[in-house]
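Take a look at the structure below.
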Amino acid sequence: ETGVTQTPRHLVMGMTNKKSLKCEQHLGHNAMYWYKQSAKKPLELMFVYNFKEQTENNSVPSRFSPECPNSSHLFLHLHTLQPEDSALYLCASMGGYQETQYFGPGTRLLVL
Amino acid sequence: AQSVTQLGSHVSVSEGALVLLRCNYSSSVPPYLFWYVQYPNQGLQLLLKYTTGATLVKGINGFEAEFKKSETSFHLTKPSAHMSDAAEYFCAVSGLGAQKLVFGQGTRLTINP
């Protein structure tokens, strides 16, 4: 499988649940990103990882907890979310001299 | 600091007509500029990018964009629209290396038969 994959594609959760989003890239990249895409708002950068180290946290609430165990995998752990957290969560990766971020298909999250 | 303004949240053109999607940016450093397309229920796909060199950039699906420094613009064009071009289009700016993209709010393109 090539490119950037994300699972699950759709997720419905209650405010007291704990769930995780997974992103995997098969491009050999060393940087990975989480973005949030809400209706009527620009894409918001949430976290950046370079060589497994977090290099950016864009003032994201602590109910979102990222994890990057290696350069190919990125997780977003979710707990006690709010309805306003419902959105499309996109993962991206970038590497080498390509100077381009490649995006996965996203996880559509609904918090009830 | 960097920012992007996409003029027009919704653009509608007839099939076969010219497509013009406007993007203006602000950047304190020489910008890298990108156009991405998003089809329903999908992620973002790169259409084209400008980093350095030639200011007229050609991308996939017949799209092109021209970097105009004096106008701080990077408008996206396609000479003849096709029904399959219906999607949302995002302009983005970054500094050197594209590490941190700042996106515009997007323009939804509708193609009328």
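Within every chain, numbering begins at 1; the chains are lettered A, B, ... in the order of the sequence lines, protein sequences first and strands thereafter.
Both the backbone and the side chain of B:Gln105 come within contact range of chain A, with heavy atoms under 4.5 Å apart. Contacts between A:Glu56 and chain B at a heavy-atom distance below 4.5 Å involve the side chain alone, from C-beta outward. In this structure, no portion of A:Gln6 lies under 4.5 Å from any heavy atom of chain B. If you measure heavy-atom distances from B:Leu101 to chain A, the contacts under 4.5 Å come from both the backbone and the side chain.
Contact annotation: the side chain of B:Gln45 never approaches that of A:Phe103 to less than 4.5 Å [non-hydrogen atoms, C-beta and beyond]. Inter-residue side-chain proximity for A:Leu43 and B:Gln38 is flagged as unmet; no heavy-atom pair is nearer than 4.5 Å. Looking at B:Lys100 and A:Val48, their side chains never come closer than 4.5 Å, going by heavy atoms from C-beta outward.
Atom CZ of B:Phe103 is separated from atom CG of A:Leu45 by 9.0 Å, given to the nearest 0.5 angstrom.
Heavy atoms only, all atoms of each residue included: B:Tyr32 and A:Glu99 are closest at OH-OE2, 2.9 Å. Considering every non-hydrogen atom in both B:Gly104 and A:Pro42, the closest pair reads O-CB, 3.8 Å. Shortest non-hydrogen contact noted between B:Tyr36 and A:Gln101 is OH-O, 2.7 Å.
Residue A:Leu11 is grouped with residue A:Phe64 when hydrophobic side chains (ILVMFWY) are merged at heavy-atom distances under 4.5 angstrom, including chains of intermediate members. No continuous path of hydrophobic side-chain contacts links A:Leu27 to B:Ile60 [ILVMFWY only; heavy atoms under 4.5 Å]. Linking Ile, Leu, Val, Met, Phe, Trp and Tyr residues whenever their side-chain heavy atoms come within less than 4.5 Å places B:Phe63 and B:Leu33 in a single cluster. A continuous path of hydrophobic side-chain contacts links A:Val60 to A:Val111 [ILVMFWY only; heavy atoms under 4.5 Å]. B:Tyr50 and B:Val4 fall within a single hydrophobic cluster, where Ile, Leu, Val, Met, Phe, Trp and Tyr are joined by side-chain heavy atoms under 4.5 Å apart, directly or via other members.
Counting heavy-atom pairs closer than 4.5 Å to chain B, the top residue among A:Glu44, A:Gln37, A:Lys41 is A:Gln37. Heavy-atom pairs under 4.5 Å with chain A were tallied for B:Val102, B:Thr51, B:Leu46; the largest tally goes to B:Leu46.
Shown here is B:Asn41, whose CG atom has no more than 12 heavy atoms of other residues, nucleotides or ligands within 6.0 Å. No more than 12 heavy atoms of other residues, nucleotides or ligands sit less than 6.0 Å from atom CZ of A:Phe51.
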